[in-house]
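Read the structure below first, then the notes.
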Amino acid sequence: MTPEQLSTAVVDALASLVDQGALALPDGVPSEVTIERPRQKGHGDYATNVALQLAKKAGTNPRALAELVAEKLTAADGVAEVEIAGPGFLNITVDAGAQGRLAAEVVAAGSSYGASDAFAGEKINLEFVSANPTGPLHIGAVRWAAVGDALGRIFTMTGAEVTREYYFNDHGGQIDRFSNSLLASAKGEPAPEDGYGGEYIQDIAAAIVAQEPDVLELGDDEAREVFRRIGVEMMFDEIKKSLRDFRVDFDVYFHEDNLHKSGAVAKAVERLTELGNTYEKDNALWLATEKFGDDKDRVIIKSDGNGAYLSGDLAYYLDKRERGFDRCFIMLGADHHGYVGRMNAMCAAFGDEPGKNLEILIGQMVNLLRDGQPLRMSKRAGTVVTIDDLVGAIGVDASRYALARYHSDSPIDIDLDLWAKATNDNPVFTVQYAHARVASLLRNAADLDVVAASHPELLVHEKEGVLLRSLAEFPRVVKAAAELREPHRVARYLEDLAGVYHRFYDSCRVLPRGDEETTDLHRARLLLVDATRTVLANGLALLGVSAPERM
RNA sequence: GCCCCCGUAGCUCAGCUGGAUAGAGCAAGUCACUUCUAAUGAUUAGGUCGCAGGUUCGAAUCCUGCCGGGGGCGCCA
């Protein structure tokens, strides 16, 4: 008896009441109802507030409606008891046997347990990281590397077809500054006023000179071109390697430069002009974004004839839509939230629906703390906090988990000392330890030749019930994480599950002791443990974090 | 000045898209190790959910205004 099945049972009860003429629902019977897990012991295993929500529409009072539903629901298969409480809540206790069947179902489903078809048939494009190839990956981009990739895994689990893309800004002024900085460094000159001064600049400049010894014999313009070409390539290789090591695999690396060279920008601008959403002013071409909700209109073709940055975004968006993506996500740092208005307006200017065809997610800032002090970043001094500062300090698992564990709307401070610890106040450790503890038990079972078997009716211990209901939550958690674009829900769920498992383990002996005979209860509990392992592993996989067999 | 995000236990944060007496971990007190990983569990204590109004059967959650913190407001990319 899972929450989904219970929801169906309640819906059936409502439908049956309507059929009998005992209930009138002008808007029809809902397709699903809210099933909650009450915090309070004594409020049953599950609760629903349907009576409170439908009473007004049905022209009756909540308690009377609750009585009607309760009567039907009590007779439903798998329901042990239904109580009416408070203003009209239905507190439902499920039949232990019906609930215990879940253990076998989870183990049978294996790595697909938690999957659903909530996003079946959707072609989803996720664009994230997209850091300029002018330096190593900074920490803000890494947040989305972890969260965006997890979101991709979650969407896949809910049936969507997901493509991960990295938009490579290899066009325009930032790149010029980058190449100028390399050139200056190679010539032993200080970094330009508006350039990059990090140590990596010197390293790359030296590497380029080593590769092309004659480069400094060329004129500045030609030399700068060499530095640009090779420097961007080197930087990009390094970023790709960092991401690969971070277990993020992009399907598409999209080059901004190509959009300008291929005529895609011109085509997008033409389309918008046809739609009557552009105009000329001050020798520049403007996109009328204000009428679509932006603060003001935006230049797309500058008065010097070059495309403004936004022009690449227009073309890129159009390209994604033409490649068949119904939903395009762009994940940005809070320092780019100012683009949300113009991007949504741009989407609307194409005749699309912002929030649906284009969804922009904003992630707040990330600080790394060591000894309680933030690692300060300063672009001027070239001391940007990078992926290596994070991964080097706490490893990939802890990094991904730490970044994915919080709501994207919250700024986060990652205490490097904490996340490196092998104790329970380190959340990733808590979850991984639970998995290792389960794995250990399964190994012991194999040594003892105890074979898991399904005996649902034997799993009647309170802690077994709590564990089963917790396992039953997982598909809902994954679905909610996808619908709300909130991968942190998976992490929080896993932490809770780890605690639930420890409490079960503490009160329910799984394996026979000494020369004790193996009973069906041992086998049934072992199956429950195996189911727990499955869910812990599946959840960690959604976050891209390893599930260790031993610790 | 305008825009976005945040404000919940001493600390770090959840809060199931409006539900019942607001939760977890850590830190503090007490207790349980002939333990299947004690890297654990049990238990106690800890709160005017930033403040003030409003919406309704019901608000930490939605609306408005303040206060405090973070970020952003280029024909840069």
Side-chain angles (χ1 to χ4, degrees), chain A residues 3 34-40 43 47 49 52-53 55-56 61-62 85-89 91 132 134 169 171-177 194 256 281-286 295-296 298-304 306-310 312 333-341 362-365 367 405-413 415 418 421-427 429-430 432-434 436-445 447-448 450 473 476-477 480 483-484 486 488-489 491-493 495-496 498-499 502-513 522 525-526 529 550-551:
Chain A
T34 308
I35 301 292
E36 300 183 304
R37 299 181 64 201
R39 286 189 259 267
Q40 195 71 23
H43 285 174
N49 60 0
L52 290 156
Q53 295 194 319
K56 194 177 272 182
N61 71 70
F89 289 101
N91 292 337
N132 289 346
T134 55
N169 300 122
H171 183 91
Q174 301 275 30
I175 297 291
D176 294 340
R177 276 171 226 157
D194 59 353
E256 180 187 6
K281 191 180 85 178
D282 303 335
N283 273 335
L285 189 71
W286 296 68
D295 299 337
K296 56 181 181 181
R298 307 287 171 177
V299 167
I300 47 177
I301 305 293
K302 296 189 278 188
S303 52
D304 65 3
N306 288 318
Y309 181 73
L310 188 61
D335 52 341
H336 287 71
H337 96 264
Y339 304 139
V340 175
I362 297 296
Q364 296 298 318
M365 297 298 179
N367 276 310
R405 162 175 206 264
Y406 302 92
H407 192 114
S408 311
D409 281 345
S410 303
I412 49 179
D413 293 324
D415 182 338
L418 169 74
K421 286 205 294 196
T423 61
N424 209 31
D425 47 343
N426 176 350
F429 189 84
T430 302
Q432 289 186 314
Y433 172 69
R437 202 183 193 195
V438 167
S440 166
L441 201 160
L442 294 176
R443 280 194 299 275
N444 293 342
D447 289 346
L448 294 173
V450 179
E473 281 304 294
R476 297 211 294 182
V477 171
E483 284 171 346
L484 300 169
E486 292 180 354
H488 77 272
R489 287 169 183 272
R492 300 297 173 153
Y493 165 80
E495 289 165 31
D496 182 65
H502 290 315
R503 286 184 281 273
F504 155 79
Y505 178 93
D506 194 63
S507 21
C508 297
R509 175 78 199 187
V510 178
L511 299 177
R513 299 170 191 266
H522 293 130
R525 284 180 171 168
L526 185 59
V529 170
R550 298 169 202 272
M551 290 176 80

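Quick note on labels: first sequence line is chain A, next is B, and so on, each numbered from 1.
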Inset, instruction - Give the C-alpha distance, both sets of side-chain angles, the deciding distance and a yes or no for side chain to side chain contact (heavy atoms under 4.5 Å, CB included) between A:Val299 and A:Lys281. - result: CA-CA 9 Å; A:Val299 167; A:Lys281 191 180 85 178; over 6 Å; no
Inset, instruction - Apply side chain to side chain contact (heavy atoms under 4.5 Å, CB included) to the pair A:Gln174 and A:Asn169, showing each step before the final yes or no. - result: CA-CA 9 Å; A:Gln174 301 275 30; A:Asn169 300 122; over 6 Å; no
Inset, instruction - Give the intermediate values and the outcome of side chain to side chain contact (heavy atoms under 4.5 Å, CB included) for residues A:Arg476 and A:Tyr493. - result: CA-CA 11 Å; A:Arg476 297 211 294 182; A:Tyr493 165 80; over 6 Å; no
Inset, instruction - Could you go through the side chain to side chain contact (heavy atoms under 4.5 Å, CB included) check for A:Tyr505 and A:Val438 one step at a time? - result: CA-CA 9 Å; A:Tyr505 178 93; A:Val438 167; over 6 Å; no
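A distance-only check finds a donor-acceptor pair linking the side chain of A:Asp304 to the backbone of A:Asn306 [under 3.5 Å]. Although no hydrogens or angles enter the test, the distance criterion places no donor-acceptor pair under 3.5 Å between the side chain of A:Asn49 and the main chain of A:Leu52. Listed for the A:Thr134 side chain is no donor-acceptor partner under 3.5 Å among the backbone atoms of A:Ile175.
Map A:Glu256 and A:Glu495 each onto its nearest nucleotide of RNA chain B; the residue landing nearer the 5' end is A:Glu495. Residue-to-nucleotide proximity on RNA chain B shows that, of A:Thr34 and A:Val510, the 5′-proximal contact is made by A:Thr34.
For the C1' atoms, the distance from B:C13 to B:G47 is 15 Å, rounded to whole Å. Comparing the C1' positions of B:A20 and B:A60 gives a spacing of 15 Å, expressed to the nearest Å. Between the P atoms of B:C63 and B:C75, the separation comes to 32 Å (whole Å). Nucleotides B:U21 and B:G29 are separated by 24 Å at their C1' atoms, to the nearest Å. Between the C1' atoms of B:G46 and B:C26, the separation comes to 13 Å (whole Å). One C1' atom belongs to B:C5, the other to B:A9, and the distance between them is 24 Å to the nearest Å. Using C1' as the reference atom, B:U37 and B:A28 are 27 Å apart when rounded to the nearest Å. B:U12 sits 30 Å from B:C2 when the P atoms are compared, rounded to a whole Å.
Of the candidates B:C36, B:C76, B:G15, the closest approach to any side-chain atom of A:Arg509 belongs to B:C36. Taking only side-chain atoms of A:Ala284, from C-beta outward, the nucleotide of B:U40, B:G72, B:C75 with the closest atom is B:C75. With distances taken from any side-chain atom of A:Leu511 to the nucleotides B:C36, B:U40, B:C76, the minimum falls on B:C36. Here the side chain of A:Arg503 is nearest to one of B:G71, B:U37, B:A42, namely B:A42.
As judged by a 4.0 angstrom heavy-atom cut-off over every strand, A:Lys296 is placed among residues touching the sugar-phosphate backbone only. Contact annotation for A:Ala85: base contact, defined as any heavy-atom pair under 4.0 Å involving a base atom. Residue contacts shown for A:Arg489 are limited to sugar-phosphate atoms, with no base heavy atom under 4.0 Å away. A:Gly172 comes within 4.0 angstrom of sugar-phosphate atoms only, judged by non-hydrogen atoms across all strands, and of no base. Among the protein residues, A:Asp282 comes within range of the nucleic acid bases, having at least one heavy atom under 4.0 Å from a base atom. Within 4.0 Å of A:Arg298, counting heavy atoms only, lies no atom of the nucleic acid at all. A:Ala47 comes within contact range of at least one nucleobase, with a heavy-atom separation under 4.0 Å. Within the nucleic acid shown, A:Ala480 has no heavy atom closer than 4.0 Å to any nucleic acid atom. Counting any heavy atom pair closer than 4.0 Å across all strands shown, A:His502 reaches sugar-phosphate atoms only and no base atom.
Between A:Glu473 and A:Pro3, the closest heavy-atom pair is OE2-CG, 3.5 Å. Across A:Ile362 and A:Ala334, no two heavy atoms sit closer than the pair CG2-CA, 3.7 Å. Residues A:Ser303 and A:Ala284 share a closest heavy-atom pair of N-CB, 3.9 Å.
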Atom pairs, protein N/O to nucleotides 26-33 of chain B N/O, distance under 3.5 Å:
from  : atom 1 : to       : atom 2 : distance (Å)
B:C26 : OP1    : A:Asn424 : ND2    : 3.4

For nucleotides 55-62 of chain B, give me every protein contact, N/O to N/O, under 3.5 Å, one pair per line with atom names.
from  : atom 1 : to      : atom 2 : distance (Å)
B:C57 : OP1    : A:Lys56 : NZ     : 2.9

Between the protein and nucleotides 2-5 of chain B, list the N/O to N/O atom pairs that are separated by less than 3.5 angstrom.
from : atom 1 : to       : atom 2 : distance (Å)
B:C3 : O2     : A:His337 : NE2    : 3.2
B:C5 : O2'    : A:Asp409 : O      : 2.4

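Secondary-structure annotation of RNA chain B gives the stems B:1-7 with B:67-73, B:10-13 with B:23-26, B:28-32 with B:40-44, B:50-54 with B:62-66, with a stem taken as at least 3 successive Watson-Crick or G-U pairs whose two distances both fall under 3.5 Å.
Residue side chain A:Asn91 reaches the base of B:A20 through a donor-acceptor N/O pair under 3.5 Å, judged by distance alone. With hydrogens and angles ignored, no donor-acceptor pair under 3.5 angstrom links the side chain of A:Ser440 to the base of B:C36.
One interatomic measurement links the two molecules: CZ of A:Arg550 to C1' of B:A39, which rounds to 16 Å at whole-angstrom precision. Taking atom NE2 of residue A:His43 and atom C1' of nucleotide B:U21, one finds them 8 Å apart after rounding to whole Å. With rounding to whole Å, A:Arg177 atom CZ is found 15 Å from B:G74 atom P. In this structure, A:Arg492 atom CZ and B:U12 atom P are separated by 13 Å, rounded to whole Å. The CG-C1' distance, from A:Leu418 to B:A39, rounds to 15 Å in whole Å. Rounded to a whole Å, the CG atom of A:Asp496 is 15 Å from the P atom of B:A14. Between the CG atom of A:Asp194 and the P atom of B:C76 there is a distance of 13 Å, given to the nearest Å. Between the C1' atom of B:C76 and the OH atom of A:Tyr309 lies a distance of 11 Å, rounded to the nearest Å.
Scanning for salt bridge (charged side-chain N to carboxylate O under 4.0 Å, His left out) contacts around A:Lys302 gives an empty result, with sequence neighbours left out. Take A:Arg503 and apply the salt bridge (charged side-chain N to carboxylate O under 4.0 Å, His left out) test, not counting sequence neighbours, and it matches no residue.
Where stacking is scored as ring centres under 5.5 Å apart with planes under 30°, A:Tyr505 does not register as stacked on the base of B:G41. An aromatic stacking contact between A:Phe89 and the base of B:G19 is absent, as defined here by ring centres under 5.5 Å apart and ring planes under 30° from parallel.
Applying the 4.0 Å criterion to OP1 and OP2 of B:U37, one finds that A:Arg443 has every side-chain N and O outside that range. Listed pair A:Asn426 / B:U12 fails the phosphate criterion, with no side-chain N or O lying under 4.0 Å from OP1 or OP2.
Both tests pass for A:Arg492 against the ring of A:Tyr406: distance under 6.0 Å to the centre and angle within 45° of the axis.
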